[in-house]
Asks: 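One structure, pasted below without further comment.
We number each residue from 1, following the sequence as shown. It should be emphasised that the depicted structure is a prediction, and the values quoted were computed from it without experimental measurement.
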Amino acid sequence: MSDFIEMDFIINGRRESYRFNPGDTLLKVLRDNGHTEVHNGCESGDCGACVVIMDGRTVNSCAVFAATASEREIITVKGIGSVHKPHPIQTAFAEAGAIQCGFCTPGQIMSTYALLMNNPDPGIGEIKKALDGNLCRCTGYKKIIEAVQLSASRMREADNEA
């Protein structure tokens, strides 16, 4: 008898079936199955490097048991854009210089994405609250906040053109 369980997940719009230990976190299962864009930082829910969106809300994937995420809608940073077709948030982060070593960037981008999906014109206080829990050891946050503001502006412009 195996200790493994197998469950289905909906990741970036695709149904995927994974086999894993019952005590594995969503972070471990994602990374073990090729989703290395979800970064492994602290494994205690403190740094935000592993943030994904699950059912429309940001979660630290290191703090979620994988078994509880079965059949849930999970979006990683690759689910919003790619190198060849980046999301406006990804472009804004690069242009604003909000990317230094890049380790925290996927989590920062996912927190920004969740914020802007719910609030297309956030104030600085709302931006800071949305990014609370996403630690960056390189930039000092000024450029990250500027990137969120640039992202919001561009997304509003795109909505107005549509």
Asks: So, does N12 use its side chain to make a donor-acceptor pair with the main chain of T76 at under 3.5 Å?
Replies: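 Confirmed, N12 side chain pairs with T76 backbone.
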
Asks: Is any side-chain heavy atom of L116 less than 4.5 Å from a side-chain heavy atom of P122?
Replies: yes

Asks: Report, as yes or no, whether the 6.0 Å neighbourhood of atom CD on E146 holds more than 12 heavy atoms from other residues, nucleotides or ligands.
Replies: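 Yes, because the 6.0 Å sphere around CD of E146 holds more than 12 heavy atoms from other groups.
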
Asks: Are E71 and R15 within salt-bridge range, i.e. N to O under 4.0 Å?
Replies: yes

Asks: If hydrophobic clusters are built from ILVMFWY residues whose side chains come within less than 4.5 Å, do I11 and F65 share one?
Replies: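 No, because I11 and F65 fall into different hydrophobic clusters, even though each may have its own neighbours under 4.5 Å.
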
Asks: Do the non-hydrogen side-chain atoms of I99 and Q108 ever get within less than 4.5 Å of each other?
Replies: no

Asks: I'd like to check V52 versus M110 (side-chain heavy atoms, cut-off strictly below 4.5 Å). Are they in contact?
Replies: no

Asks: Is the side chain of D132 donor-acceptor paired with the backbone N or O of K128 at a distance under 3.5 Å, no angle test?
Replies: no

Asks: If you round to the nearest 0.5 Å, how far is CG of L150 from NZ of K143?
Replies: 12.0 Å

Asks: Count I, L, V, M, F, W, Y as connected when their side-chain heavy atoms are under 4.5 Å apart, and connections chain through other members. Are I53 and L131 then in the same cluster?
Replies: yes

Asks: Could you check whether the rings of Y113 and H87 sit parallel, tilted or perpendicular, using 30° and 60° as the cut-offs?
Replies: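 The rings of Y113 and H87 stand perpendicular, inter-plane angle above 60°.
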
Asks: Do the side chains of M155 and I109 join up, straight or via other hydrophobic residues, at under 4.5 Å, putting them in one cluster?
Replies: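 As far as the 4.5 Å side-chain criterion goes, I109 and M155 are connected within one cluster.
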
Asks: Please step through side chain to side chain contact (heavy atoms under 4.5 Å, CB included) for the pair N60 and V51, ending with a clear verdict.
Replies: CA-CA 5 Å; N60 290 318; V51 167; 3.3 Å; yes

Asks: Quick check: do D32 and F20 have side-chain heavy atoms less than 4.5 Å from each other?
Replies: no

Asks: Would you say F93 and T112 make side-chain contact, with heavy atoms under 4.5 Å?
Replies: yes

Asks: Please tell me whether F103 and I144 are part of a single hydrophobic cluster in this structure, the criterion being side-chain heavy atoms less than 4.5 Å apart.
Replies: no

Asks: Examine distances only and state if a side-chain atom of T36 and a backbone atom of R31 form a donor-acceptor pair shorter than 3.5 Å.
Replies: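 Side chain of T36 to backbone of R31: no pair is present.
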
Asks: Is the backbone of G107 close enough, under 3.5 Å, to the side chain of S111 for a donor and an acceptor to pair up by distance?
Replies: yes

Asks: E161 side chain to A158 main-chain N or O, any donor-acceptor pair under 3.5 Å?
Replies: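 A pair under 3.5 Å: no.
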
